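Heads up: the structure comes next, in structure tokens.
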Amino acid sequence: MRNRRLRRGITALALALLVLPAVPGTAHAEPTYPFRDPHLPVQGRVDDLLGRLTLDEKISWLHQYQPAVPRLGIGLFKTGTEALHGVAWSTDIDNNGAVVKARGTSFPQPVGMASTWDTDLIQRVGSAVGDEARGYHAQNPRVWGLNLWAPVVNLLRDPRWGRNEEGYSEDPLLTAKISTAYGSGMTGGDPDHLKSAPTLKHYLAYNNEVRRDVTSSNVPPRVLNEYDRAAFRPAIAADAATGVMASYNLVNGRPATVDPDLATVVRGWTDQPLMNVTDAWAPNNLVASQGYYATQPEANAAIIKAGVNSFITDDTNAQPTVTAIKQALASGLLTEADIDARISETLNVRFRLGEFDPGGGRYGDITPDVINSPEHQRLARQAAGAAMVLLKNSRQALPLNPSRTRKVAVLGPLADTLYSDWYGADLPYEVTALDGIRERLGGSASVSGLDGADRIALKDPATGRYVTATGTTDADPVAATGATASLAAQFDAVDWGQGVVTLRNAANGRYLGYNWGPFITRDEQPNGWYVQQQFTLEPQADGTVALRYTGYETTESWFGANTYVTVGDGGALTLGASTAADATHFAREVVSSGVDRAVAAAKAADTAVLVVGSNPFINGREAHDRTSTALSAGQEALVKAVTKANPHTVLVLQTSYPVTIGWEQEHVPAIVWTTHAGAETGHAVADVLFGDRNPSGKLTQTWYRSDRQLPPDLLEYDIISSGQTYLYSTAKPLYPFGHGLSYTRFRYGQPRTDARSVAADGTISVSVDVTNTGSRAGSEVVQLYTHQRTSRVKTPIRALKAFQRVQLAPGQTRAVTLRLPVADLANWDVTRSRWVVESSTYDLLVGTNADDIRARTAVAVRGATIPARDLSRTTRAENFDRHAGVRLVDETKARGTAVGATAAGQWIAFAGSALRPGAHTFTARVARAAVGAGTIQVRLGSPTGRLLGTATVPSTGDDYRYVSVSAEVARTAGTHDVYLVFDSALRLADFSLR
């Protein structure tokens with residue numbers, strides 16, 4: 001059908017061309033150009049415009065800033081406006097690429113949006129973001145492009161990942177549902193007429209900031225297909241995104257920037273052309289940090305051939321990209337046809353955005369009036385409330401009764417402060433928790449606020465002078481010059497964990513920062529790429545403290561060794577020491593104890609509301625992972641003291657990630673979690689605490705009891721073999737995936753299925769009666785998990801397959817029906833590299849979270865039985881069943897995955913292999929860069945089992961130069977587990993045993 005429409009469109013275009021008047025080549029664009037005619041098919045218009053561009057113009061459009069073509073009346077087009085939870089920021093080509101922050105509607109961080117489990121709400125949020133993107137574009141299209149870099153679809157495999165707040169969930173289905181909803185809202189829901197063009201970040205298997213540009217994510221085929229790709233595919237397949245951004249990391253040894261998936265697998269998920277982009281400066285990494293290519297022309301040619309349309313590099317300077325591509329063309333690494341393919345795809349997106357339509361097309365009349373409109377503010381409040389999760393509610397401590405709660409102490413570092421994040425906008429207004437509670441209780445109530453921070457002064461014992469602020473500009477240095485501990489010499493020290501504190505000056509309210517020297521108090525909040533407002537107060541044996549500067553740039557190799565503060569001539573503070581021993585030792589004088597003040601306030605109040613948690617600029621962020629998920633020691637001490645002082649304490653935990661809060665779960669009566677939820681955070685907190693909103697949010701990640709329940713290595717991506725996430729973990733969590741309480745209670749009936757047996761191409765319908773047995777109206781998220789009882793391979797303990805939100809009045813019962821296509825039960829069959837639904841009994845588990853299963857039934861699925869492996873056929877080495885020590889590596893720079901051994905004793909196993917009676921030859925395609933020979937042993941049953949034979953692997957001098965080797969093996973028949981054991985560093989692409 002699509003092909004017939006395309007042929008008819010091309011015919012119409014050809015006829016249009018016949019009747020068009022001639023247009024001089026030097027003239028500006030006129031309505032008579034076919035590409036300007038909105039009635040013609042999009043691809044026909046693309047082809048017309050592509051044919052009018054010169055080669056130089058086409059090459060110039062491969063950079064992020066696609067320059068104007070005045071002779072055709074075409075203006076600048078820019079890829080990339082950040083819009084993760086609202087329009088956040090963009091860059092200005094007319095101001096050397098300076099970041100321009102938005103001040104529009106700010107919605108909850110993505111991990112919070114996903115906690116709503118409400119796809120309808122998230123689609124509305126996405127639509128509002130798309131509207132505001134159009135509004136900003138109407139203000140200044142040279143700054144605010146309509147290609148939006150969002151959502152982030154990377155799975156939240158490990159909560160220590162620095163960018164945890166940017167993702168949605170550890171589960172691929174939930175991630176797919178939320179990202180599809182957000183993307184659909186941003187696009188407008190019509191793939192032929194785009195409100196905006198969202199780009200999914202970051203393809204693929206990207207969950208670490210540490211050495212992110214040089215580490216390789218080891219992703220076996222099952223994890224690759226069942227987990228990582230599964231999160232990306234649905235939004236692309238639903239036309240809820242117009243491309244992907246390649247991640248910084250390597251995947252199975254190959255930089256994601258040149259992952260062939262971008263031209264093949266990803267584009268195979270949709271009929272629409274996609275516009276894929278690199279991450280910032282990633283093209284240069286291929287030659288620099290990654291050393292994958294010797295020259296930039298080679299790298300750029302590979303990027304284009306791999307399926308990338310837009311180079312995000314060298315800021316606003318496109319010349320290096322253009323020069324390298326021209327050199328690649330001249331040397332035969334690229335053809336003009338390669339470039340035409342990428343530009344055609346980019347133009348398709350630009351046409352669908354309405355750029356070449358009269359008035360800007362379907363969405364061209366959206367004005368800046370939509371930015372932070374009252375309607376969007378109301379939606380932000382709704383989203384912030386829906387994102388909140390009630391973790392604990394002992395003895396109905398919540399909701400608070402507003403008529404009886406007349407004296408409230410709102411305490412903690414986040415009580416009267418809101419934070420944005422690196423991918424958030426500047427907040428146009430702020431409603432803090434303190435503001436929201438005050439507003440809710442009215443003027444007759446007494447609502448006080450304290451942050452609970454120690455107020456300290458730092459004195460240089462050598463001079464007796466105090467570290468003192470002198471102003472709030474870059475020209476006002478902080479120095480140890482104060483004769484007394486005046487207000488200007490006092491700092492509020494907030495403990496954010498892992499030894500990091502911020503120091504806010506008591507006189508001017510600004511934060512102590514480095515700013516490349518001298519030290520100043522300029523900033524209202526920690527900010528910037530390097531976040532230069534971070535310090536550590538290191539206790540010394542003599543009772544003093546050394547002040548260590550821990551701004552993010554100190555982790556860079558170029559920063560240097562000196563990170564400790566010393567006092568110089570005239571009291572000037574400098575980074576003059578590399579050790580605490582050589583640093584100035586300051587006397588830390590406590591002017592007033594934050595805990596003592598908080599305890600006094602709590603004792604005087606009816607209720608204490610503690611608001612503690614994380615700072616998104618400090619507790620992990622892009623380029624910085626967390627080393628622990630623990631709440632900071634200072635904040636935990638505050639929670640313990642206040643809870644002891646007032647038994648009517650409510651904990652509001654505001655973080656971007658799961659936190660280990662075992663003591664709090666045991667002792668604090670009520671705990672509510674929210675992410676950093678934008679300008680309306682305080683209203684949402686008050687709505688939930690006082691029962692104006694019945695909480696219904698659910699966790700999208702497992703909350704572990706301690707870091708010990710996580711893998712020792714953040715870089716362990718094979719969730720199946722390592723037992724990660726709720727899918728495979730056997731650890732007892734603090735809060736399970738899907739957990740979230742309500743102010744009412746829900747009872748589940750016995751589930752019903754429409755059949756006890758179903759074919760692999762069928763659909764399973766599970767119905768269950770859900771009753772609100774409490775006295776309040778409430779929403780429940782009914783979750784359907786499955787468990788496969790028998791399988792050839794290790795399958796999830798349980799896996800989310802469907803969910804549905806249901807709103808129930810007190811006493812109301814509704815039948816909730818969850819439909820599950822049997823195809824969604826498929827696993828990736830590594831023996832044949834395809835999806836397969838295995839014949840098995842599948843448990844259908846209905847509950848309120850992954851561990852709280854309220855009802856269950858089972859269904860027999862008439863699927864397939866995976867046959868024994870036939871190793872007489874050429875078998876890809878990457879398709880092993882089990883492994884030890886080996887890494888997956890790039891077979892060639894362009895495509896393919898091989899197994900790379902690095903040391904003796906490493907092995908891969910192929911379970912259930914049927915060996916033919918006459919099989920006597922093992923043949924393998926191998927490479928070995930090292931000098932000398934290596935070996936591959938063929939064994940049965942175990943890595944030390946019966947030895948069938950040994951193949952010698954010669955040195956090929958290069959990891960990418962493969963040769964075929966063979967060895968005689970003992971004849972053995974029957975079905976066995978075959979192990980290939982390596983003695984040293986070598987690569988194995990494929991093999992056979994015949």
Side-chain angles (χ1 to χ4, degrees), residues 50-51 53-67 79 203 213-214 216 243-267 273-314 317-347 889-898 927 929 956-962 989:
L50 187 65
L53 297 172
T54 67
L55 178 57
D56 282 350
E57 288 166 344
K58 288 184 287 190
I59 292 173
S60 72
W61 280 9
L62 290 165
H63 190 263
Q64 176 183 17
Y65 292 93
Q66 300 172 26
T79 57
Y203 195 88
D213 58 324
V214 294
S216 179
V244 302
M245 174 185 284
S247 53
Y248 281 119
N249 57 295
L250 294 81
V251 179
N252 295 339
R254 180 181 295 106
T257 308
V258 290
D259 189 339
D261 275 11
L262 301 172
T264 55
V265 173
V266 175
R267 282 191 159 88
L274 299 177
M275 183 178 71
N276 299 326
V277 305
T278 73
D279 210 332
W281 293 84
N284 297 25
N285 290 346
L286 289 169
V287 177
S289 62
Q290 293 166 344
Y292 202 68
Y293 295 100
T295 67
Q296 203 62 50
E298 292 175 87
N300 286 13
I303 292 170
I304 292 168
K305 288 185 173 182
V308 172
N309 305 74
S310 185
F311 287 66
I312 317 303
T313 190
D314 298 301
N317 182 12
Q319 196 55 52
T321 297
V322 168
T323 299
I325 291 172
K326 287 184 176 180
Q327 290 171 351
L329 281 166
S331 59
L333 296 171
L334 276 178
T335 67
E336 186 171 357
D338 294 325
I339 293 172
D340 284 351
R342 299 290 85 88
I343 298 303
S344 175
E345 292 155 348
T346 297
L347 279 175
V889 295
D890 50 335
E891 181 180 352
T892 71
K893 289 183 183 294
R895 62 186 59 83
T897 299
T956 63
D958 192 287
D959 282 333
Y960 303 113
R961 184 175 297 122
Y962 287 83

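Positions are given from 1, in the same order as the sequence printed here. Keep in mind that this is a model prediction, so the values were computed, not measured.
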Partners passing side-chain contact (heavy atoms from CB on, under 4.5 Å) against Asp959 (at least two apart in sequence or in another chain):
Ala929, Arg987

Could you work out, with salt bridge (Lys or Arg N to Asp or Glu O under 4.0 Å) as the rule, every residue matching Asp338, not counting sequence neighbours?
none

Run the side-chain hydrogen bond (donor to acceptor under 3.5 Å, both in side chains) test against Thr956 and tell me which residues pass, sequence neighbours left out.
none

Nearest heavy-atom neighbours spanning Asn300 and Thr321
ND2-O, 3.6 Å

Under the side-chain hydrogen bond (donor to acceptor under 3.5 Å, both in side chains) rule, collect the residues that match up with Asn252, sequence neighbours excluded.
none

Give a yes or no answer on whether the side chain of Gln296 reaches the backbone of Pro283 with a donor-acceptor pair at less than 3.5 Å.
yes

Got a sec, which residues hit side-chain hydrogen bond (donor to acceptor under 3.5 Å, both in side chains) with Thr79, two or more places apart in sequence or on another chain?
Ser310

Side chain of Trp281, backbone of Ile312: donor and acceptor closer than 3.5 Å?
no

Let me confirm one number: the CE-OG1 distance from Met245 to Thr257, rounded to the nearest 0.5 Å.
10.5 Å

Indicate the atoms forming the closest heavy-atom contact of Tyr293 with Lys893, along with that distance.
CE2-CD, 3.8 Å

Restricting to non-hydrogen atoms, name the atom on Ser289 and the atom on Val214 that form the minimum distance, rounded to 0.1 Å.
O-CG1, 3.6 Å

Main-chain N/O of Thr897 paired to Arg254 side chain as donor or acceptor, under 3.5 Å:
no

State which residues pass salt bridge (Lys or Arg N to Asp or Glu O under 4.0 Å) with Asp279; sequence neighbours excluded, sorted by chain then number.
none

Give the minimum heavy-atom separation between Ala989 and Tyr962, together with the two atoms involved.
CB-CE2, 3.8 Å

Any side-chain heavy atom of Ile303 sitting closer than 4.5 Å to one from Thr278?
yes

Can you sort out the partners of Ala328 under side-chain contact (heavy atoms from CB on, under 4.5 Å), two or more places apart, ordered by chain and number?
Pro297, Ala301, Leu333, Leu334

Using only atom types and a distance under 3.5 Å, with no angle test, would you say the side chain of Gln290 pairs donor to acceptor with the backbone of Ala282?
no

What residues form a salt bridge (Lys or Arg N to Asp or Glu O under 4.0 Å) with Glu345, not counting sequence neighbours?
Arg267, Arg342

Residues two or more places apart in sequence or in another chain: which of them pass salt bridge (Lys or Arg N to Asp or Glu O under 4.0 Å) with Lys305?
none

Looking at Ile343 and Lys58, what are the two nearest heavy atoms and their distance?
CD1-O, 3.3 Å

My understanding is that only residues two or more places apart in sequence, or in another chain, count here; which of them pass side-chain contact (heavy atoms from CB on, under 4.5 Å) with Val244?
Leu200, Tyr203, Phe232, Ile236, Leu262, Val266, Asn276

Can a side-chain donor-acceptor contact be found between Ser247 and Asn249 if the only test is distance below 3.5 angstrom?
yes

Residue pair Gln66, Thr346: steps toward the side chain to side chain contact (heavy atoms under 4.5 Å, CB included) verdict
CA-CA 10 Å; Gln66 300 172 26; Thr346 297; 3.6 Å; yes

Roughly how far apart are Leu62 CG and Ile304 CD1, rounded to 0.5 Å?
5.0 Å

Heavy atoms only: give me the nearest Val287-Ala294 pair and the separation to one decimal.
CG1-O, 3.9 Å

With sequence neighbours excluded, residues passing side-chain contact (heavy atoms from CB on, under 4.5 Å) with Ile59:
Leu55, Val322, Ile325, Lys326, Leu329, Ile339

Roughly how far, to the nearest 0.5 Å, is the CD atom of Glu298 from the CD atom of Gln327?
11.0 Å

For Tyr292, what residues pass the side-chain hydrogen bond (donor to acceptor under 3.5 Å, both in side chains) criterion, not counting sequence neighbours?
Asp890

Determine whether a donor-acceptor pair (N or O, by modelled atom type, separation under 3.5 Å) exists between the side chain of Tyr248 and the backbone of Ala280.
yes

